[in-house]
Amino acid sequence: MVGVSSALSLRYANILRSTCTNINVDNGAKELLDHKYPSTLESVDIAEGEILKAADYVGFDEDEQHRIGMAVRECMVNAVVHGNRYNRNKQVHVNVALSDQQFIIRIVDQGEGFEVQEVPDPLHENNLLRHSGRGLFLMGAFMDDMKVRKVLPSGTEVTLVKKVAPRK
């Protein structure tokens, strides 16, 4: 089993190292959703539902919608729980855009921010029972591209990208 664990850990390291050079929000991107949500767990369900409506509109099949939904859920929970720490005075900003080739989801909290390189690898044997890093791993696994960055004056922005099949 060491081989599988090592391969998964390498995949996790690649997800976190990714500079997401493919994330291009060109000026021709069509905005599908731009909304601010309160820092509540109810907002997680609402945001996921609205993003899945947009994904359905774009034409993603049920399996892809499920992957998108899982990534969004993980990201929203992180934003509400870890970023904004349930502070009702803080919001989570969600923006969804569609370009010719990409379905782009940006989720921004107003927390303290963090350095993604400092998050422990959830697949390392010492971290298997810890929860830290698991959400980031899942987001990277379910989406085609992902970028995490601190924003000023405070907060974290996560950009999730799913490639779109060319329209006929």
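Hydrogens, waters and symmetry mates are skipped; everything else that's a heavy atom, side chains included, is used. Along the sequence shown, the residues carry numbers beginning at 1.
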*Rounded to the nearest 0.5 Å, what separation is found between the CZ atom of Phe142 and the NE2 atom of His66?*
6.0 Å
*Contact check, side chains of Met139 and Val148, non-hydrogen atoms, under 4.5 Å*: no
*What closest approach, in Å, do Gln110 and Ser154 show between heavy atoms, and which atom pair accounts for it?*
O-OG, 3.5 Å
*Heavy-atom distance under 4.5 Å between the side chains of Ile68 and Met143, does that happen here?*
yes
_Minimum heavy-atom distance Asp109-Gly83, with the two atoms named_ = OD2-CA, 3.6 Å
_Show, in sequence, the C-alpha distance, side-chain angles and deciding distance for Thr40 and Tyr86, and conclude whether the side chain to side chain contact (heavy atoms under 4.5 Å, CB included) test is met._
CA-CA 6 Å; Thr40 64; Tyr86 297 107; over 6 Å; no
_Rounded at 0.5 Å granularity, tell me how far NZ in Lys162 sits from CD1 in Ile104._
13.5 Å
*Ignoring hydrogens and geometry, is there a side-chain-to-backbone donor-acceptor pair from Asn84 to Ser39 under 3.5 Å?*
no
*asked:* Between the side chains of Glu64 and Arg67, is the shortest nitrogen-to-carboxylate-oxygen separation below 4.0 Å, so that they form an ion pair?
replied: yes
*Does a side-chain heavy-atom distance below 4.5 Å link Val151 with Arg149?*
yes
*If we only count heavy atoms from C-beta on, is the Val81 to Leu41 side-chain gap below 4.5 Å?*
yes
*Any donor-acceptor pair under 3.5 Å from Ser43 side chain to Pro38 backbone*: yes
*Could you list the residues that satisfy salt bridge (Lys or Arg N to Asp or Glu O under 4.0 Å) with Arg73, not counting sequence neighbours?*
Asp45, Glu48
_Distance (rounded to the nearest 0.5 Å) between Ile51 CD1 and Asp56 CG_ = 14.0 Å
*If you round to the nearest 0.5 Å, how far is OG1 of Thr159 from CZ of Arg106?*
4.0 Å
*How long is the gap from SG on Cys75 to CD on Glu157, to the nearest 0.5 Å?*
10.0 Å
*Closest heavy-atom pair and its distance - Leu136, Asn78*: N-ND2, 4.5 Å
*For the residue pair Leu98 and Leu32, what are the closest heavy atoms and their distance?*
CB-CD1, 3.9 Å
*Does any non-hydrogen side-chain atom of Met76 lie less than 4.5 Å from one of Val94?*
yes
*When hydrophobic residues are tied together by side-chain contacts of less than 4.5 Å, even through go-betweens, does Tyr37 share a cluster with Val108?*
no
*Name all pairs fulfilling the ring-ring contact (aromatic ring centres under 6.0 Å, His included) condition that reach into residues 92-111, sequence neighbours left out, sorted by first residue then second.*
Phe60-Phe103
_Distance (rounded to the nearest 0.5 Å) between Leu33 CG and Asn95 CG_ = 7.0 Å
*Using atom types as modelled and distance alone, determine if a side-chain donor or acceptor of Lys147 lies under 3.5 Å from a backbone N or O of Val161.*
no
*asked:* Does Glu31, at its CD atom, have more than 12 non-hydrogen atoms belonging to other residues, nucleotides or ligands within less than 6.0 Å?
replied: yes
